[in-house]
Number of protein chains: 2
Amino acid sequence: MSNIREVARLAGVSVATVSRALSHPEKVAPATLEKVQAAIAELDYRPNMLARNFRQARAFAIVVLVPDLSNSFFATVIRAIEDRAQQRGYVVLLGDTRDSRVRERSCLRLVETRLADGVIQLSPHATAHPDRDEILCVYACGCENTPAPSVRIDNVRAARTVVEHLLALGHRRIGVISGLRDNPHSRDRLKGYKQALRAAGLAFEPSWVAEGDFTLASGLEAARRLLARREARPTALFCMNDEMAIGALRAAKTLGLEVPKQLSVTGFDDIRYAPYTDPPLTTVAQPAEAMGRAAADLLLDRIEQRAGDNELVVLPFEFIVRGSTGPAPG
Amino acid sequence: MSNIREVARLAGVSVATVSRALSHPEKVAPATLEKVQAAIAELDYRPNMLARNFRQARAFAIVVLVPDLSNSFFATVIRAIEDRAQQRGYVVLLGDTRDSRVRERSCLRLVETRLADGVIQLSPHATAHPDRDEILCVYACGCENTPAPSVRIDNVRAARTVVEHLLALGHRRIGVISGLRDNPHSRDRLKGYKQALRAAGLAFEPSWVAEGDFTLASGLEAARRLLARREARPTALFCMNDEMAIGALRAAKTLGLEVPKQLSVTGFDDIRYAPYTDPPLTTVAQPAEAMGRAAADLLLDRIEQRAGDNELVVLPFEFIVRGSTGPAPG
DNA sequence: TTGTAAGCGTTATCAG
DNA sequence: CTGATAACGCTTACAA
């Protein structure tokens, strides 16, 4: 528990010199530096970062707000954020909001009380921006009307790409398993779905959209509802994330429907489990790691005042065709 | 950016009173309290936690060291930790070590430099305890020789339970897909496997153990190796976690083996995807949330000096039979 | 019940 | 290049 003063005394220099030796070694004479380092080693001294942060009025910490950490896609994004943050000398505070407004507020308080320098939001809450605009906030998984600074893929085009693929396979009745209706991602992806239909001259049929909430269980339920109908049953399901697609695959299995022979299923995200479903999931790969890195850089640049102009980062997605999609049944 | 002094001035009291009004409201006269609160509201004052932490020489933060955040089991444990930590007024710093010694060290530095008050380890590194024993460290997913304080299930018995189940189903050639050989969990679970075999009067056959590293891909590969043999092929695979089991299921599928008719597969962890595999995975449910909560309490109690005697928490597991296991083929 | 005042360990300013 | 010293915002004896 030695402090900078003891180091100074032992090294026979002033505390200012010790401080400099640590933060700006180039500004101190080599001989002095050596003495200081010897003293530090001797005392096994560790600078007290609590004091440093207080003095500099900076936490060197950022908060990551995630709706559900155990979703494998978010976990990957966060890993990348943490990686980059650490490289740049920051720590990451975890804020699993469980989609609760209250918990979200309490995480934002961390910034207000100086325990964190900024926030990375993983949900695209375009609706409810942090009230206090002093709070530095960037979005890592944005959508069309997510305010800058933010990182996103073109969700509309990605969804369109998926649906065009299904159309090209001959599907005409394409069900949708959507996230919550007012979720911005749901909106964007539904928009892409509609665009593809319209371009193919097909009418949008609202009853083919089943609302879920991006969880496995909700995907299973939604698929059950869509597949329950006797006549005009969908021959394909466009699921707005992989988790719900996995749920849908399960539903198909329990209903005795063969995928992709009788039913095609698509996902979104390309989580690590996607290649391991049965059959492997056709899906949109979001560049999760790149998104995390980009969001971290965006935020840290702003925290360090060197905000670039690149405030809206749109990264490329990749459409990956695996085994869960096939020609529409005869 | 108002500070406690301004609040004091506006309220017409001393800074000490404002401080007390915030931390020990019961020690201040109701009338005074009201004045202070009015001033706080008026100025929209937020206490500077950086200063508070510095003054109290406490970070009110804990580090969670996780080998791989994107593993769904760990994510669930961490969620629970974060939840409990927040309830008790602490924040959680994320430390994804990616199984790297270097990164682990750098996370422990956070405690040494006072940025965190303690550490929760999610890997059971019984071998390499933090060198500096001033560091408060608890293990959330321990195994037989994980040092206390720690939380764990009885891995040996759980593994034995699984294998007994397979034996009861008539399996005699039970392959093992193990984690890295020197991983403590691998050891415990292999021990349980051997115990079950011995109790059934069967010999342990080393060539039936394939080493993986707890990832999906390694499970797939290991299963391929085990199932490649022509004669005396295993009729069941005991996988040491769900991810590898999912990989094994995929391997079986690509080899045209029907599960469970021709091959039984078991997992470990009961991650959220386990009920959604095809067929749904028979597995050991670890009480991930309870483990997280217990670990958090263990650590926070020690940080706050009221360390109980309950230093070694062993929680009950649950063996869940789903569809991936069945009678041994004729 | 409230006020006074002494720090906590660092960094930054300024003079030497 | 180095040293003296004044903050930073808060908590907490201790005194009143």
Side-chain angles (χ1 to χ4, degrees), chain A residues 1-40 43-61 89 109-117 304, chain B residues 1-40 43-61 89 109-117 304:
Chain A
M1 286 296 173
S2 49
N3 61 24
I4 202 175
R5 218 152 14 235
E6 295 180 41
V7 175
R9 184 147 22 96
L10 183 59
V13 299
S14 73
V15 292
T17 300
V18 177
S19 176
R20 272 187 295 254
L22 259 52
S23 316
H24 314 281
E26 75 281 2
K27 304 205 134 202
V28 82
T32 321
L33 193 57
E34 220 163 314
K35 277 191 301 181
V36 172
Q37 281 164 345
I40 287 176
L43 292 171
D44 194 21
Y45 163 74
R46 316 284 162 131
N48 182 332
M49 295 301 201
L50 247 31
R52 181 201 59 159
N53 290 358
F54 165 56
R55 178 60 235 246
Q56 305 200 351
R58 299 264 307 282
F60 293 98
R109 268 197 88 79
L110 294 177
V111 182
E112 294 168 3
T113 59
R114 321 288 202 295
L115 277 183
D117 303 317
E304 295 170 354
Chain B
M1 286 300 171
S2 48
N3 61 25
I4 201 174
R5 221 155 9 238
E6 295 179 41
V7 175
R9 183 146 23 92
L10 182 58
V13 300
S14 74
V15 294
T17 301
V18 177
S19 175
R20 274 186 294 253
L22 260 55
S23 316
H24 313 282
E26 76 282 2
K27 304 204 136 202
V28 79
T32 320
L33 193 56
E34 220 163 311
K35 278 191 299 181
V36 172
Q37 280 163 346
I40 287 177
L43 292 172
D44 194 21
Y45 165 73
R46 317 284 162 130
N48 182 331
M49 295 301 202
L50 247 32
R52 181 201 60 159
N53 290 359
F54 164 56
R55 177 59 234 248
Q56 306 200 352
R58 299 264 306 283
F60 293 99
R109 268 197 87 79
L110 293 178
V111 181
E112 294 167 4
T113 60
R114 318 291 202 297
L115 277 185
D117 303 317
E304 294 169 355

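Convention: sequence-line order gives letters A, B, ...; per-chain numbering from 1. Quick note: numbers below take in every heavy atom, side chains included, and nothing from hydrogens, waters or symmetry partners.
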Starting at [atom1] of [X] and ending at [atom2] of [N], how long is that distance when rounded to a whole Å?
X: A/Asn48; N: D/dC8; atom1: CG; atom2: C1'; value: 14 Å
X: B/Gln56; N: C/dG9; atom1: CD; atom2: P; value: 14 Å
X: B/Phe60; N: D/dC10; atom1: CZ; atom2: C1'; value: 12 Å
X: B/Arg114; N: C/dT10; atom1: CZ; atom2: C1'; value: 12 Å
X: B/Met49; N: D/dC8; atom1: CE; atom2: C1'; value: 17 Å
X: A/Leu50; N: D/dC10; atom1: CG; atom2: P; value: 15 Å
X: B/Ile4; N: D/dT11; atom1: CD1; atom2: C1'; value: 8 Å
X: B/Arg5; N: C/dG3; atom1: CZ; atom2: P; value: 15 Å

Exercise. What distance do A/Phe54 atom CZ and B/Asn53 atom CG have between them, rounded to the nearest 0.5 Å?
Worked result: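 Taking CZ in A/Phe54 and CG in B/Asn53, the distance rounds to 11.0 Å.
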
Exercise. If you measure from CG on A/Leu50 to CZ on B/Arg114, what distance do you get to the nearest 0.5 Å?
Worked result: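 Taking CG in A/Leu50 and CZ in B/Arg114, the distance rounds to 8.5 Å.
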
For this session: Kindly state whether the pair A/Phe54 / D/dC8 counts as stacked, where counting means centroids closer than 5.5 Å and planes tilted less than 30° apart.
Result: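 Yes, the aromatic ring of A/Phe54 stacks with the base.
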
For this session: Please tell me which of B/Val13 and B/Ala51 maps to the more 5' nucleotide of DNA chain C, matching each residue to the nucleotide holding its nearest heavy atom.
Result: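 Going by which nucleotide is closer to the 5' end, it is B/Val13.
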
Exercise. Counting just side-chain N and O atoms, does B/Tyr45 come under 4.0 Å of either OP1 or OP2 of D/dG9?
Worked result: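 Answer no for this pair, as no side-chain N or O of B/Tyr45 is under 4.0 Å from OP1 or OP2.
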
Exercise. Do any side-chain nitrogens or oxygens of A/Asn3 fall under 4.0 Å of OP1 or OP2 in C/dG9?
Worked result: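 For C/dG9, OP1 or OP2 has a side-chain N or O of A/Asn3 closer than 4.0 Å.
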
For this session: Assess whether one donor atom and one acceptor atom, taken from the side chain of A/Arg55 and the base of C/dT11, lie less than 3.5 Å apart.
Result: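 A donor-acceptor contact between them is present.
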
For this session: For the side chain of B/Val15, starting at C-beta, report the closest nucleotide among C/dG3, C/dA5, C/dT10.
Result: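 Nearest to the side chain of B/Val15 among the choices is C/dA5.
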
Exercise. Counting side-chain heavy atoms from CB outward, which of C/dA12, C/dG3, D/dT11 is closest to B/Arg52?
Worked result: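 That would be D/dT11.
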
For this session: Could you check B/Val18, B/Val36, B/Leu33, B/Leu22 and say which one makes a side chain to side chain contact (heavy atoms under 4.5 Å, CB included) with B/Val28?
Result: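 Exactly one pass, corresponding to B/Leu33.
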
Problem set entry | Minimum heavy-atom distance A/Met49-B/Leu115, with the two atoms named |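 Reported closest heavy-atom pair: CB-CG, 3.4 Å.
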
For this session: Mind listing the residues from residues 16-32 of chain A sitting with a heavy atom below 4.0 Å of DNA chain C? Number order is fine.
Result: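 Per residue number, the list reads A/Ala16, A/Ser19, A/Ser23.
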
Problem set entry | Within 6.0 angstrom of A/Glu34 CD, more than 12 heavy atoms from elsewhere |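 Open: at most 12 neighbouring heavy atoms sit under 6.0 Å from CD of A/Glu34.
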
Exercise. Are the side chains of A/Tyr45 and A/Ile4 in touch, meaning some heavy atoms are under 4.5 Å apart?
Worked result: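 Contact flag for A/Tyr45/A/Ile4 side chains = yes.
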
For this session: Check whether any side-chain heavy atom of B/Val15 sits under 4.5 Å from a side-chain heavy atom of B/Asn3, and report yes or no.
Result: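 The answer is no; the side chains never approach within 4.5 Å.
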
